[in-house]
Amino acid sequence: VAKTQKAKKPAPETPNVEFEAIRNRLAQQRQEILSMYQQDLRAGQESADDGTDDIVDRANNSYNRELMFSLSDGERQMLLQIEDALRRMNEGSYGRCSNCGRPIAILRLQAVPWARYCIDCQELAERGLLSEEAASG
Ligand SMILES: [Zn+2]
């Protein structure tokens, strides 16, 4: 199987300022979801022993697990999508369709900041014609 990979990187058509604004919004939304959970957490837990990295590290692990149980499906889904979008921003793959690689319209990103697909591929995905596995490349 011969795969032809184009090494050419598509030039970003969207200025980074736009992404910065979206990133801020995502981070803020993420914070809102997390603080909802943290209120629950604080209610059930009195002692705050912020000390060593070790404790923080362990806390983070159980924290994440509890978080995922504590949130509703919708909140959890949104949080995962936000985390995913932020991760893709760090990787530099944000704003490009995970399926066809074309840039996603900035208006679409502003409306749906965690959009992974361009509008065409999103339609395919919603009809079940796009498999998540195929989007890894
Ligand atoms: Zn696409």
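None of the values given here were measured: they were computed from a predicted structure.
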Given side chains that start at C-beta, do those of [X] and [Y] come closer than 4.5 Å, heavy atoms only?
{"X": "I33", "Y": "R30", "result": "no"}
{"X": "N99", "Y": "D120", "result": "no"}
{"X": "M78", "Y": "I82", "result": "yes"}
{"X": "L26", "Y": "W114", "result": "yes"}

Problem - Ionic contact status for R127 with E123, cut-off 4.0 Å - result: yes

Handout entry: Electrostatic pair E20-R23, nearest N-O below 4.0 angstrom
Key = yes

Problem - Euclidean distance, L124 CG relative to C100 SG, rounded to 0.5 Å - result: 9.5 Å

Handout entry: Inter-residue atom distance F19.CZ - L109.CG, 0.5 Å rounding
Key = 6.0 Å

Exercise for the section: Return yes if some donor-acceptor pair links the side-chain N/O of R88 with the main-chain N/O of R116 below 3.5 Å, else return no. Expected result: no

Practice task
Spell out, as yes or no, whether a donor-acceptor pair under 3.5 Å connects the side chain of R108 to the backbone of Y117.
Solution key: yes

Exercise for the section: For atom CZ of R87, decide whether the heavy atoms of other residues, nucleotides or ligands shown that lie under 6.0 angstrom number more than 12. Expected result: yes

Handout entry: Cluster link I119 to V112, ILVMFWY, side chain under 4.5 Å
Key = no

Exercise for the section: Verify the distance criterion only: is there a donor paired with an acceptor across the side chains of E126 and Q122 at less than 3.5 Å? Expected result: yes

